[in-house]
Each structure stands twice: as structure tokens, then as C-alpha cells.
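What follows is a short report on a single structure.
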Amino acid sequence: MSKQTPTRRLTAPAIQAMKGKTAIASLTAYTAPIASLVDRHCDFILVGDSLGMTIYGMTSTVGVTMDMMIAHGRAVVEHSERSLIVIDMPFGSCEESPEQAFRNAARIMAETGCGSVKLEGGAHMAETVAFLAARGIPVLAHIGLTPQSVNALGGYKVQGRGGDADRLSADARALSDAGAWGIVVEKSTESIARRITQETPAVTIGIGASPACDGQILVVDDILGMFPDFRPKFAKVYAELGTAADDAIAQYAADVRTRAFPAKEHTFADAVPAKRG
Ligand code: KIV
């Protein structure tokens, strides 16, 4: 049986019910060891298509495939037991029609055991969200900066400034009315985040969208300092694992070259030492 059993896991409705009561904590995870750590502390885990950049070194999320999302999604579901697992629908998997979105979302859910999918886009995706929600697929929407549209947006700019605010508010209302249980609001101003949070029954999950949201999400690699040369303004670094890993690898290579490694304790003797007692 899949580990995504409703009795043990937080569900999308349970997280939506936290609105106005408890702040929702979430991070991305893409691999088994990180999933089991995040699972101990967060309410939901997003297998984000940011894995295209963090795991595969791509320059954007546009080239991420369904197979990549399913492979990583399965690892995260299998190595977590408490959090709701949400899996991103990659670029090109849901924009064509509600039917295409249903086919791909159903495949993601059936092959991974996750409890929800996430898709990017505003009011134009509301019909798709309604189609999925009516067929038993909980949807987390994603507005503001939507990285899959980076080529159309002309870069990773702050959203919600000027006339943008009314459009973002209309997007959020359309997605919430269509049945989205939550809305990720990325790289947007505090005033628009507050407005959307007040206007919609969906929970707002901010990433670079101020404390006015119902909860927060960050890319796990960013909080762990895995990329010392890439520090988004909105991400707080809680550990410097990138630098620590670089130091450890440099020390290992130096030890090999000076023959300090392997030492006696890492080496097998001819005879197995007799056990005492
Ligand atoms: O792909 C991703 O990681 C995201 C963010 C919201 C964290 O969409």
C-alpha cells in the first residue's frame, strides 16, 4: 500500500482548515534523505519543478519532464509519512486543456501516491482547476512570479506592483472559486499578499511574498545554503552546507593525495580479529 494514506497524513482540506489559526510551514524536497528530514517538521512538502535547477543544473524549469517529477515524487512519498506531499505539474503538462491536465495529474497521483498537485497560472487556469477538483484531485495554484513563464514575463521580477495588483487579486479569486485549496504567491508585494489572503478562503503560501500570507514555502537548498553564489533576497539561510561540503570534499582529496586516507581503521586485515568474551 502507498504511504500516502489519509489516516496518517495531513490532507489538503486539513491544511486549508489551518487558515486564520496556525501558520503553515512548507519546504521543497526532491530526494529520500531530505524528504525524511522535512517530514519531521513541515505541514506539506512540495516536490517542486525547481528540481530542474537544484538537482539537474538546468537554467530554468521549462525543460522539466513528467518522468522527472514522478521519479522524485515517488522517492519523497516513500520516505515521508506525516506531511501532505504536493507534486508540481511540469511545463506543458496541463496548459493545453483540462482533459490533458487531468490525464497527467491522475498519472502523477497514481504513480507516486501524492495527495495534491500544483500548477502555475492565473485566471486562465481556473477552468482546469475546477475540472481537476471536481474529479478528486486537490490543487495548489501558483501565481505572482510563475517561473515556467519566465520567457514571457521577461525575467524573475517582483510582481504585484502598479496595475498588476488588481489582476493578481482577480487571479486568486478565480482560482479559489474554482476549488484550489491553496495558492502559492511568489515574489510579490506585501500589500497584494495581504489582499489575497483576506479575499480568498484558499490558504496563501508565500515565497518572497511577505509575512501577510497564511504560510510560507522555500526551496530547501536555499535555506541550507547549498548554492553560496545564489542567494535570493527572500530566502533566509539557516545553514551553510554548500561551504561545508566544499571544505569536506577538498579535505578528502588532499587526504587521498597525501595518503592520509584510507587509514588503518578503514582497511580490512587478512584475518578477522577474534571476538573477546
Ligand atoms: O518549484 C518550486 O520549488 C516552487 C516553489 C513555490 C518553491 O514552485
Side-chain angles (χ1 to χ4, degrees), residues 12 15 24-31 34-35 38 42-66 68-73 75-76 83-95 104-105 108 112 114 116-122 125 129 138-150 153 156-160 168 171-172 175 180-188 192-193 196 202-210 213-224 226-227 230-238:
I15 291 180
I24 299 154
S26 173
L27 282 169
T28 64
Y30 322 101
T31 60
I34 296 292
V38 176
C42 286
D43 302 305
F44 76 89
I45 300 176
L46 172 68
V47 185
D49 63 355
S50 50
L51 62 75
M53 289 138 117
T54 57
I55 302 277
Y56 292 95
M58 297 173 163
T59 54
S60 81
T61 56
V62 173
V64 173
T65 65
M66 282 284 292
M68 288 158 97
M69 296 312 303
I70 287 170
H72 289 273
V76 170
S83 311
L84 169 71
I85 309 299
V86 183
I87 299 185
D88 248 336
M89 300 203 67
F91 180 63
S93 69
C94 59
E95 297 86 346
N104 284 320
I108 289 173
T112 66
C114 73
S116 174
V117 296
K118 173 166 86 59
L119 54 82
E120 292 185 11
M125 293 304 287
V129 170
V139 181
L140 176 61
H142 183 160
I143 63 169
L145 176 69
T146 45
Q148 291 175 7
S149 305
V150 61
L153 292 171
Y156 296 98
K157 287 178 282 201
V158 176
Q159 309 289 305
L168 286 174
D171 282 344
L175 292 161
W181 61 268
I183 303 173
V184 170
V185 184
E186 179 161 354
K187 210 167 176 185
S188 303
I192 186 61
I196 294 172
V203 285
T204 53
I205 307 295
I207 171 162
S210 84
C213 296
D214 294 306
Q216 300 292 327
I217 188 165
L218 284 173
V219 169
V220 71
D221 303 70
D222 290 341
I223 74 159
L224 297 180
M226 290 305 291
F227 301 108
F230 175 72
R231 297 276 153 106
K233 172 184 161 67
F234 56 75
K236 181 171 171 184
V237 179
Y238 287 83

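Note that the numbering runs from 1 along the sequence shown for the chain. Counting starts at 1 for both ligands and their atoms, in listed order.
Every atom of ligand 1 with a heavy atom of Asp88 under 4.0 Å away is listed here by number and element: 1 (O), 2 (C), 8 (O). Numbered from 1 in the order shown, with element, the atoms of ligand 1 that lie under 4.0 Å from a heavy atom of Asp49 read 1 (O). Each of the following atoms of ligand 1 lies closer than 4.0 Å to a heavy atom of His142: 6 (C), 8 (O). Remark: ligand 1 atoms within the under-4.0 Å shell around heavy atoms of Gly48 are 1 (O), 2 (C), 3 (O). The distance from ligand 1 to the heavy atoms of Thr28 drops below 4.0 Å at these ligand atoms: 3 (O), 7 (C).
Looking from atom 4 (C) of ligand 1 to the surrounding protein, the closest heavy atom is Leu46 CD2, 3.6 Å. Nearest non-hydrogen protein atom to atom 8 (O) of ligand 1 is Lys118 NZ, 2.9 Å. For atom 2 (C) of ligand 1, the nearest protein heavy atom (residue, atom name, distance) is Ser50 OG, 3.2 Å.
Taken to the nearest 0.5 Å, the CD1 atom of Ile192 stands 7.0 Å off from the CD1 atom of Ile143.
Residue contacts with ligand 1, taken as heavy atom pairs separated by less than 4.0 Å, do not involve Leu51 at all. Here Ile207 has side-chain heavy atoms under 4.0 Å from ligand 1, and that is the only part of it that gets that close.
Put simply, the side chain of Thr61 never gets that close to the backbone of Ser50: no donor and acceptor are under 3.5 Å apart. Put simply, the side chain of Gln216 never gets that close to the backbone of Leu27: no donor and acceptor are under 3.5 Å apart. Formation of a donor-acceptor pair under 3.5 Å by the Thr204 side chain with backbone atoms of Asp214 is found in this model.
Surrounding OH of Tyr56 are more than 12 heavy atoms belonging to other residues, nucleotides or ligands, all under 6.0 Å away.
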CA sep, side-chain torsions, deciding dist, call: Leu51, Met69, side chain to side chain contact (heavy atoms under 4.5 Å, CB included): CA-CA 8 Å; Leu51 62 75; Met69 296 312 303; 3.9 Å; yes
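Contact annotation: the side chain of Asp49 never approaches that of Phe91 to less than 4.5 Å [non-hydrogen atoms, C-beta and beyond].
With sequence neighbours excluded, no residue satisfies salt bridge (charged side-chain N to carboxylate O under 4.0 Å, His left out) with Asp222.
By the 3.5 Å distance cut-off applied to N or O atoms, Glu186 is not counted among the residues near ligand 1. Polar contact with ligand 1: absent for Tyr30 (N/O pair, distance under 3.5 Å).
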